[in-house]
Amino acid sequence: MTSQQLIISGVGGQGILFITRLLAETAIAKGLPVLTSETHGMAQRGGIVISHLKIGDFASPLIRPGQADGLIALSTSNVALHRSFLRTDGWIAANSAQPLCLAEPPQVITIDADQIARNMDNPQAVNLIVLGKALASSRLFCTVDEMMAVISRHLSGRPAQLAGALAAVTAA
Amino acid sequence: MSADEPVLMQGNEAMARGLVEHGCVVAASYPGTPASEILSAVDAWRKQEGVAMHVEWAVNEKVAFEIAYAASQTGLRAATAMKQVGLNVASDPLMSAAYLGTIGGFVIISADDPGPHSSQTEQDSRLMAMQAKLPILDPASPAEARELVGCAFALSEAFELPVMLRPTTRVCHACQDITPAPVNTLERKADFHKDPQRWAATPKFRYELHRALNHKLSQIAAYAPTAPRCLNPTTQSSRAVVASGVAAAHALELITTMGLQEEFVFYQVVQPYPLHSDFMAEIRSSYDDVLILEETAAVIEMQLCDYRTVRGRLSGDLPDAGELLPEIIERILYRFIGQPVPEPVGTTAAGGRRPTLCPGCPHRASFYAIKKAAPRGLYPSDIGCYTLGSNLGAVDTVLCMGAAIGQAAGFYQAYRVTGQQRDIVATIGDSTFFHAGIPPLIDAVVQGARFVLVILDNSTTAMTGNQPTPAHGTPDGTAVDIASIVTGCGVSFCKNGDPLELPAFTDLMREALAFSRDHGIAVVIAQSPCLVDKSVRHARRPQAQITPAACTGCRHCTTQFECPALVYDETSNKVTVDSMLCSGCGVCRTVCPVQAIGQKEQP
Ligand code: SF4
Ligand code: SF4
């Protein structure tokens, strides 16, 4: 069975819960079991927010350090904070204005999502832009098209938001 | 929704689903992390399924408990949900309801927060269940939490007792694919049977009720559906691991990935209190070495109480505080089976951004005005987003819900009786004021205390996800006005102001302080809506703009006002505005001592 463990992190207000749920729903749409763990409460006010997402046959909602396949970091500072969750062959998709030079693997892909979001006049779209970058790298358990189908269902009643979301996820 | 397709459910939504599926008719709650989403999810499932229910955000947990309990006394199924410290507030009816018992199934969900992630304490609701002498169930996952709701209703009706369900943060805020089951509306009618000997029992009868309760507990310790589950029944070993709650889920996964299936017999306890008597006998007679994994107190370990063979928190094999993360359990398991403990794979680095009030949050302006008007004041505060006023140095104390007012009065009396006077400015949110702020205000008025109370009225319960407050009213009820309560409590100075109008609001604070020094309590109601409240329309406002030539780099705006959208740049020694964050509240313009902050032309 497909199995993937992902850490999604950033700061409160960036919409980490939203993309965690989109990924989880995409897993369910593909018939895969899923477990997530979310951050709520005080940290959502601009503090460190982290989601654990486990797709496949798992019992615990948390990922142990050294076990994650990938880290999606919506803010550059989260890379240093949370890369210890990664396996030695793990990857990082990070929002960063500059390319990140890390001393050893993991493989890092970066995107200046803040700038792209500003250009799109949609500061709320950073989360989907970074998610789109990770999807485009073909390292995730799902494809961009599968994700777009879930987003379309999610925002079906709100055409303006849907158009913005689809533009963001394909911006990379 | 087609009935047999899995959907993504958060633990809180799953428990809510369980309540609706099993015919719950009355549900009442007060929001608190990690339990806040339960009641809104009950309401969402109720709407989706078109069932008749009374679902309410009560003024506090004690009232929520009493509303639901009364429904159970009429024979209906009912539930109340809260966080663990909320159960402290509801502990009075909890203890008594255990003696009196119930008629319709009554489930009390009390969500614990090992860590703690968003709470004052790491207290264990299972200890509260022991104290009340009530059975408690401890789910390991969202799916199991939903299943145990049904179990709890059945158990409650079988023994006419309230039954507690204790999820933790990692269950409440985990999400899982869960297939909804059909809703079973029981079609019962409320039918209260008068029985004053029971429902209004005098102390003499309470003794009899206590004995009856003990008898029920001994029977519940043999109730088959909630008995411990052996998860590797074919294993033969003199060692056993016993886990409950999410620790059982972590352990189960570790046992599989570490290949430890044959090393010990593994039990999951779903009812940590009362522990099943046969299970206790089995553990004591069949195993030489037993490890207990549980959060956060030693509830199972204490009941087993054979310290020659049983290890856990009391023996020091588990840490005595904090969350039992899977990496911690991994090390404990290696030690238990006598294998070398592998080096940790690097721990999560500390640091990162601390939480802060949102850019443009009206509370920030209130705190700034308070510091300006009473620079040497004492600032007792309370529980909510505004606890983050500590970042601005405008929050000196946070004890529990409503304590800002009790502590303000206490500080006043302590200084007065020792011949001193201090400016005291207490802050409390609107929802917290309704919850527990009114009795201490009455007390302060009666005792002649003198302080300023700022009620931070953003017309929502912001911290927990924008639940309504009594000031909103309900479709069938009447909205309750904060100012009327304040004046009704006997306060003669009660004025409203908008903190985003900073200069005028600071003047109002000064006026209130002057009044409080000579006359008594002055209440200022700081009215301005929460920025993330989706029920309020927020106009797009022009963002702040710095005139670099004017900015002296004094950092007053970043340290004293602390808006996260204002960023000090070391190299240029200037402050810049983060256009990703600025909400355009405009308050920083009056904060800058040299008027270097203006606004952009376009919103
Ligand atoms: S959620 Fe509302 S009350 Fe809380 S910090 Fe943000 S604006 Fe302020
Ligand atoms: S206008 Fe000033 S105070 Fe308000 S959010 Fe923007 S930078 Fe912060």
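Chain naming here is simple, since letters A, B, ... match the order of the sequence lines and numbering starts at 1 in each.
- Salt bridge status for A:Lys54 with B:Glu253: present, with a side-chain N to carboxylate O gap under 4.0 Å.
- We find the OG1-CZ distance between B:Thr256 and A:Phe58 to be 10.5 Å, quoted to the nearest 0.5 Å.
- Looking at A:Lys30 and B:Asp177, no side-chain N of the basic residue comes within less than 4.0 Å of a carboxylate O on the acidic one, giving no salt bridge.
- Contact record, A:Pro61 with B:Ala174: CB-CB, 4.0 Å, taken as the closest heavy-atom pair.
- When each of A:Ile28, A:Thr36, A:Leu35, A:Val34 is tested with B:Gln176 by the rule side-chain contact (heavy atoms from CB on, under 4.5 Å), just one qualifies, namely A:Leu35.
- Side-chain contact, B:Ser579 with A:Arg118: a donor N or O sits under 3.5 Å from an acceptor N or O.
- For B:Ser141, no part lies near chain A; criterion is any non-hydrogen pair under 4.5 Å.
- Between chain B and the residues A:Gly31, A:Ser60, A:Ser37, the largest count of heavy-atom pairs under 4.5 Å involves A:Ser60.
- Residue B:Pro326 touches chain A through both its backbone and its side chain, counting heavy-atom pairs closer than 4.5 Å.
- No side-chain heavy atom of A:His40 sits less than 4.5 Å from a side-chain heavy atom of B:Met463.
- Your options are B:Cys175, B:Pro359, B:Ala249, and the one with the most heavy-atom pairs under 4.5 Å with chain A is B:Cys175.
- Residue B:Leu254 touches chain A through its side chain alone, counting heavy-atom pairs closer than 4.5 Å.
- Contact annotation for B:Arg170: both backbone and side-chain heavy atoms come within less than 4.5 Å of a heavy atom of chain A.
- Scanning both residues, A:Arg64 and B:Glu327, for their nearest heavy atoms gives CG-N, 3.7 Å.
- For the options A:Ala117, A:Pro33, A:Ala24, heavy-atom pairs under 4.5 Å to chain B are most numerous at A:Pro33.
- Only the side chain of A:Val11 has a heavy atom closer than 4.5 Å to any heavy atom of chain B.
- Of the two parts of B:Pro6, the backbone and the side chain both hold a non-hydrogen atom closer than 4.5 Å to a non-hydrogen atom of chain A.
- At a 4.5 Å heavy-atom cutoff, the contact between B:Thr257 and chain A is made by side-chain atoms alone.
- The shortest side-chain heavy-atom distance between B:Leu8 and A:Arg21 falls under the 4.5 Å cut-off.
- Nearest heavy-atom pair, A:Arg45 versus B:Leu388, reported as atom, atom and distance to 0.1 Å: CB-CD1, 3.8 Å.
- Only the side chain of A:Val126 comes within less than 4.5 Å of a heavy atom of chain B; its backbone N, CA, C and O stay farther away.
- Residue A:Leu62 touches chain B through both its backbone and its side chain, counting heavy-atom pairs closer than 4.5 Å.
- Counting heavy atoms from C-beta outward, B:Thr387 and A:Met42 have side chains that approach closer than 4.5 Å.
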